[in-house]
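Structure record follows, encoded as structure tokens.
Model, not experiment: these values are computed from the prediction. Numbered from 1 within each chain, the chains take letters A, B, ... in sequence-line order.
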Protein chains: 2
Amino acid sequence: MRCLIVEDDDRIAADMAAALNASGFRSERLADGEMAWFAGGTEDYDLVVLDLGLPLLDGMTVLKRWRAEGRNMPILILTARGDWNDRVEGIDAGADDYLPKPFRMEELVARARALVRRASGRMNPIQQAGELVIDTNRQSVSVAGRQLSITPLEFRLLAYLVYNTARVVPPTELLEHLYGDDDSRDVNAVEAVVARLRRKTGPGIIGTRRGFGYYLEQLEQRR
Amino acid sequence: MRCLIVEDDDRIAADMAAALNASGFRSERLADGEMAWFAGGTEDYDLVVLDLGLPLLDGMTVLKRWRAEGRNMPILILTARGDWNDRVEGIDAGADDYLPKPFRMEELVARARALVRRASGRMNPIQQAGELVIDTNRQSVSVAGRQLSITPLEFRLLAYLVYNTARVVPPTELLEHLYGDDDSRDVNAVEAVVARLRRKTGPGIIGTRRGFGYYLEQLEQRR
DNA sequence: CACCGGTTGTCAGCGGTTTGTCAGCGACGC
DNA sequence: GCGTCGCTGACAAACCGCTGACAACCGGTG
């Protein structure tokens, strides 16, 4: 569970990060609206905790821009105490929940978990790239309409590539995505998974760019 | 949109009813926990607004009982201002959202609408998936017309799968659904319940996707 | 209060699957 | 043609999910 915290107050941000990390999130923190907007527009988070009062770019604006761009991750906004106007506006602008400041960390965590749980059904579960279709609800994968039986690890790797279509993903990045900080594993582990995947998908799906990494081929054929 | 308001303060109840009715709800009001429990257990509401401080039967208790009975309508709880303990407990007990008192009516309405939007589609008391039919009113289950005798826990698990048809549900999610945050229990508890269920339903109902979770098989047969 | 039936969590053991490693091989780039 | 990088098949270890047995628990009953 990757979580973005956007909050300009160092102290509060640190507290939130600690609380969220303690309950299974990997949280990253940004302190101003512009960086947040950029990061939220390019990176994939499972949850964003967004303070409304931010330097450079107002939180509400960031929220609206993300939604206008079609970004659909769950967003929890932090509002000033009693400012119910912001809350209503925030919900209408596409926030999934709000938390009035000040709040207890336990509450933040409870809400964060509830949001993530809820969101897993709401986001578009079906992604495709050319002949390849993956369904994150059924955890299923098909190529040209043919269903494949896929293991969890293979699925995660493939989903990551689909999420990063038309980009070459370095094996080290895949290594980190699959195993987190546990660096006990070799890059060869990734190669092995890719090999098993290719045996199932057939050729023409996962490509290799020697020295750089892996990518999904489908889109390039069309050129 | 049928809405139940459970609130002992006449004034507040009237205000809420007015606000909700103004935005398209048909609201009914009850003033104590016992009547609420009974009504919520037998009638079908699209939304329940539940005050926690109630005469005769505490709101939290009502909430827990409903959820234990498998009632799954969206529930918005009203908590005393600052009582974050209640909020967390309430969310964990199965409330879908909370609103700290005092609140603005605009806010109540915004939240109520959001909840109903979120919940639509999973409210019918009788649900089926292929040969399987479950009735959340009578807590009954049948497969191919044959009635099964089912325990409460088994029922809740099965109902959860039915509400998440065509989605693979991770055992950890089931664990959380069945036991809340009480993490004293092992995933094996879920496996045991599934095993007992399968013995009753026969094969072809609950499927396993190794490494991912459980799902209802019925719909897939058509492939 | 003892007993009983039904329900549920835990435990241990099993079989099959998944996955990391290793070593050897192929192929690509220079 | 050579070195490096990536691929692959084999293998063993770890893991996952299933099951039967058992014990704890609960509510009802004699």
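Taking the ring centre of Y214(B) as origin, the terminal cationic atom of R209(B) falls outside the region bounded by 6.0 Å and 45° from the ring axis.
Axis angle, first five pairs versus last five pairs of the helix from dC1(C)-dG30(D) to dC30(C)-dG1(D): 30°, rounded to 10°.
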Using a cutoff of under 3.5 Å, can you pull out all pairs of nitrogen or oxygen atoms linking the protein to nucleotides 6-9 of chain C, with atom names and distances?
from, atom 1, to, atom 2, distance (Å)
dT8(C), OP1, L153(B), N, 3.2
dT8(C), OP2, T151(B), OG1, 2.4
dG9(C), OP1, Y179(B), OH, 3.2
dG9(C), OP2, Y179(B), OH, 2.8
dG9(C), O6, R196(B), NH2, 2.5

Would you list the protein and nucleotides 12-14 of chain D atom pairs, both N or O, that sit under 3.5 Å from each other?
none

Give every pair of a protein N or O atom and an N or O atom of nucleotides 28-30 of chain C that lie under 3.5 Å apart, one pair per line with the distance.
none

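For T208(A) and R198(A), the side-chain atoms include at least one donor-acceptor pair closer than 3.5 Å.
M60(B) contributes atom CE, which lies 5.0 Å from atom CG of L52(B) (distance to the nearest 0.5 angstrom).
R198(A) has a side-chain polar atom (N or O) that falls below the 4.0 Å cut-off from OP1 or OP2 of dC7(D). Contact annotation: Y214(B) reaches the phosphate of dC18(D) (side-chain N/O to OP1 or OP2, under 4.0 Å). For the OP1/OP2 pair of dG20(D) and a distance below 4.0 Å, the side-chain nitrogens and oxygens of R199(B) include at least one atom meeting the criterion.
Of the charged side-chain nitrogens involved, at least one lies within less than 4.0 Å of a carboxylate oxygen, so that E28(A) and R2(A) count as a salt-bridged pair.
Taking 3.5 Å as the limit, the base of dT19(D) and the side chain of N188(B) contain a donor-acceptor pair of atoms between them.
Under the salt bridge (Lys or Arg N to Asp or Glu O under 4.0 Å) criterion, E176(A) pairs with no residue at all, not counting sequence neighbours. With sequence neighbours excluded, the residues satisfying salt bridge (Lys or Arg N to Asp or Glu O under 4.0 Å) with E154(B) are K200(B).
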